[in-house]
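Following: one structure in structure tokens, then a few remarks.
Side chains are part of it too, since the values below use all heavy atoms of this structure and drop only hydrogens, waters and symmetry mates. Throughout, residue positions are numbered sequentially from 1 according to the sequence presented. Numbering of ligands and ligand atoms starts at 1, following listing order.
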Amino acid sequence: MSDTSRPTEGQIPVTVLTGYLGSGKTTLLNRILTEDHGRRYAVIVNEFGEIGIDNDLIVETDEEIYEMNNGCICCTVRGDLVRVVETLTKRAGRFDAIVVETTGLADPVPVAQTFFMDDDVRARTRLDAVVALVDAKHIGLRLKDSREAEDQIAFADVVLLNKTDLVTAEELARVEATVRAINPSAVIHRTERSAIALDRVLGQGAFDLKRVLDQDPAFLEAAAQAHDDHVCGPDCDHDHHHHDHAHGHDHHGHDHGHHGHDHGHHHHDQGEVAPIHDVTVTSVSLRGGELDQNRFFPWIQNLTQTEGPNILRLKGIIAFKGDPDRYVVQGVHMIIEGDHQRAWRDDEPRESRLVFIGRDLDAARLEAEFLSCAAKTREATPA
Ligand SMILES: Nc1nc2c(ncn2[C@@H]2O[C@H](COP(=O)(O)OP(=O)(O)OP(=O)(O)O)[C@@H](O)[C@H]2O)c(=O)[nH]1
């Protein structure tokens with residue numbers, strides 16, 4: 001391990017959680033926030049769909065949670081990340097460590113660089129480990145169509161090979177061999193529902209700057225360069241080393257209702273620079289009032305069976321008419337699950353929110369069908 005990555009007294013350890021959409025990051029985060037480990041975590045969450053569902057899916061906690069929704073953590077809001085971390089480090093003593101949950105489409109490299117690009121941040125924090133969640137069931141598909149999925153695994157210090165319940169032993173062995181081929185040095189743990197002794201994930205001292213520099217000698221230079229433009233502006237080409245995927249889809253097209261994703265990765269608007277994300281992925285955010293469960297469930301089940309391959313992720317908080325509890329629905333491709341969460345509070349509107357993230361999403365159709373699940377308001381009384 002190099003000197004630069006050696007922990008020194010007073011540096012706050014930072015764990016970066018990465019992994020593709022729906023791989024189990026929030027599930028792990030919730031374990032970190034609820035298990036009785038005697039440590040306090042400050043959490044920074046960056047999400048992709050824009051109507052703030054992720055924050056609602058994190059367990060209620062006394063820990064400090066910072067939501068960053070105005071773009072993707074690995075590019076446009078990196079300056080914000082520096083500021084949040086700076087703020088946190090000034091409050092050192094109130095927590096023991098920082099956990100950063102990135103969006104499923106983020107490249108962990110620029111997020112990691114953040115902890116080296118600013119002198120203050122660098123002096124006060126220590127990147128402990130980049131932990132990648134891998135969805136054992138869907139990673140095969142993802143590696144075919146998404147560069148991000150591979151980059152996330154390649155850069156990880158610790159990999160949780162998750163959702164082992166959804167694959168056979170043979171499939172799992174194949175997936176593990178694939179992960180190993182992408183990243184020969186990561187520690188790999190097999191998990192179900194992200195269940196793991198947290199001391200195998202946190203406090204690892206696993207981020208190895210020397211290994212990173214061996215693979216990418218420009219890592220720290222790129223970090224310094226990123227510091228110059230700080231908010232990673234349009235000319236941000238600091239570290240897009242292997243983001244060479246083509247784009248060309250109109251990913252504004254699905255901007256819908258209450259802001260579709262509009263993701264904020266529009267480096268290409270300025271010309272030459274390749275986008276650092278898979279811009280064929282878009283999101284559709286929907287809002288409505290109370291829904292009728294007899295309409296909603298058949299619709300969403302049918303939709304995920306027919307459109308599943310294009311739906312990378314769906315998440316929703318639904319208000320069913322007559323139901324005192326919030327209902328959370330989540331899906332990854334054709335696998336969908338739902339559960340009651342907690343009672344609606346008197347001071348919150350009984351509103352239903354649903355976000356789809358995927359490819360070729362038909363926003364108009366999704367919205368029309370979603371709205372047609374609305375619970376009927378009181379029958380009109382005949383005059
Ligand atoms: N069957 C099964 N489902 C899992 C497992 N781990 C997580 N899930 C489910 O997969 C879905 C996605 O899990 P999350 O923890 O929200 O995934 P995430 O990586 O935070 O998702 P994004 O924030 O959208 O990228 C949820 O419905 C989880 O309950 C697992 O090991 N097995």
Under a 4.0 angstrom heavy-atom cut-off, which atoms of ligand 1 come close to [X]?
X	answer
T26	15 (O), 16 (O), 18 (P), 20 (O), 23 (O)
E337	9 (C), 26 (C), 27 (O), 28 (C), 29 (O)
K315	22 (P), 23 (O), 24 (O)
E101	20 (O), 23 (O)

Discussion item. Main chain of E369, side chain of R295: is a donor-acceptor contact present, judged purely on distance under 3.5 Å?
Written reply: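 Here the side-chain-to-backbone pair does not exist.
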Practice prompt. Could you tell me whether the side chain of N183 and the main chain of A154 form a donor-acceptor pair under 3.5 Å?
Written response: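 Yes: the side chain of N183 pairs with the backbone of A154.
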Min N/O separation [X] to ligand 1 under 3.5 Å:
X	value
S23	yes
G22	yes
T191	no
T164	no

Worksheet entry | Positive for ring-ring contact (aromatic ring centres under 6.0 Å, His included) with F296, one of F320, Y327, F370 |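 Between F296 and the candidates, ring-ring contact (aromatic ring centres under 6.0 Å, His included) is satisfied uniquely by F320.
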Fill in: Partner set under salt bridge (charged side-chain N to carboxylate O under 4.0 Å, His left out) for K163, not counting sequence neighbours
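Here the qualifying residues are D135.
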Practice prompt. Go through the structure and list residues passing salt bridge (charged side-chain N to carboxylate O under 4.0 Å, His left out) with R326, not counting sequence neighbours.
Written response: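 Partners of R326 by the salt bridge (charged side-chain N to carboxylate O under 4.0 Å, His left out) criterion, ordered by chain and then number, come out as D56, E348.
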Ligand 1 versus [X]: contacting region, heavy-atom distance under 4.0 Å:
X	answer
K163	both
L166	side chain
R193	both
D165	side chain

Fill in: Option whose closest heavy atom lies nearest to atom 11 (C) of ligand 1, chosen from H138, Q330, R31
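It is Q330 whose heavy atom sits nearest to atom 11 (C) of ligand 1.
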Practice prompt. Before accepting this row, confirm whether a basic side-chain N of the pair E101/K25 lies closer than 4.0 Å to the acidic partner's carboxylate O.
Written response: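 No.
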Item to complete: Quick one: pull up CG in L161 and CD1 in I139 and give me the separation to the nearest 0.5 Å.
Response: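 These two atoms lie 9.0 Å from each other.
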Worksheet item: Any chance the rings of F116 and F207 have centres within less than 6.0 Å?
Response: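 Yes; F207 has its ring centre under 6.0 Å from that of F116.
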Discussion item. Are there over 12 heavy-atom neighbours, none belonging to R342, within less than 6.0 Å of that residue's CZ?
Written reply: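 Enclosed: over 12 neighbouring heavy atoms sit under 6.0 Å from CZ of R342.
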